[in-house]
Chemist: 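Before I ask anything, let me first share the structure, which is written out below as C-alpha cells.
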Amino acid sequence: MDILQDYFLCDSCQCKDFKRIYNFSLRFHGVNFSDDLIYDKLVDEIYQCIECQKTFTKNQIEKRLAEFRQKRKGEA
C-alpha cells in the first residue's frame with residue numbers, strides 16, 4: 001500500500017508551516033459558599049501561518065484533520 005500524507009494548509013495562502021503562540025490568563029469567579037474569588041489558569045494555543053500570519057485555533061486544525069481521516073476512510 002502506498003503511503004499518503006495530507007497536510008493542514010492555511011486556507012488563505014496554502015502554506016503548511018505554522019508557529020505556536022500562547023496566551024496566558026486567569027479567570028476569576030465567585031462560589032456560593034465563600035466571599036472569596038477563585039480562579040482558573042488558562043493557556044490558549046493559537047497557531048499562526050508563517051507566510052500570511054493568519055491564525056487558527058487547535059480546534060480548527062483538529063476539525064480539518066478529522067475531515068482528512070473521514071475522506072481517506074471513504075476511499076478505502
Chemist: Do D40 and H29 make a side-chain contact, defined as non-hydrogen atoms from C-beta onward lying under 4.5 Å apart?
Modeler: yes
Chemist: With rounding to the nearest 0.5 Å, note down the distance linking CD in Q53 to SG in C15.
Modeler: 9.5 Å
Chemist: Nearest 0.5 Å please: distance from the CD1 atom of I21 over to the CG atom of D44.
Modeler: 11.5 Å
Chemist: I'd like to know whether I46 forms a side-chain contact (heavy atoms from CB on, under 4.5 Å) with F56, so could you lay out the CA-CA distance, the side-chain angles of the two residues, the decisive distance to 0.1 Å, and finally the verdict.
Modeler: CA-CA 6 Å; I46 300 169; F56 297 89; over 6 Å; no
Chemist: Under 6.0 Å between ring centres: does that hold for F8 and F18?
Modeler: yes
Chemist: Going through the checks in order, is the side-chain contact (heavy atoms from CB on, under 4.5 Å) test met by T55 and Y47?
Modeler: CA-CA 5 Å; T55 58; Y47 295 87; over 6 Å; no
Chemist: Nearest 0.5 Å, please: how far is NZ in K63 from OG1 in T57?
Modeler: 10.0 Å
Chemist: Measure the spacing between CG of N59 and CD of E45 and express it to the nearest 0.5 Å.
Modeler: 10.5 Å
Chemist: Just verifying a value: how many Å separate C10 SG and K16 NZ, rounded to the nearest 0.5 Å?
Modeler: 13.5 Å
Chemist: CG of D17 to CG of L9: how many Å apart, nearest 0.5 Å?
Modeler: 10.0 Å
Chemist: Consider side-chain contact (heavy atoms from CB on, under 4.5 Å). Of R72, R64, E67, R69, which one does D6 pass it with?
Modeler: R72
Chemist: Which residues pass the side-chain hydrogen bond (donor to acceptor under 3.5 Å, both in side chains) test with D11, sequence neighbours left out?
Modeler: K54
Chemist: Less than 6.0 Å separating the ring centroids of Y39 and F28?
Modeler: yes
Chemist: With a sphere of 6.0 Å drawn around CZ of F68, does it hold more than 12 non-hydrogen atoms of other residues, nucleotides or ligands?
Modeler: yes
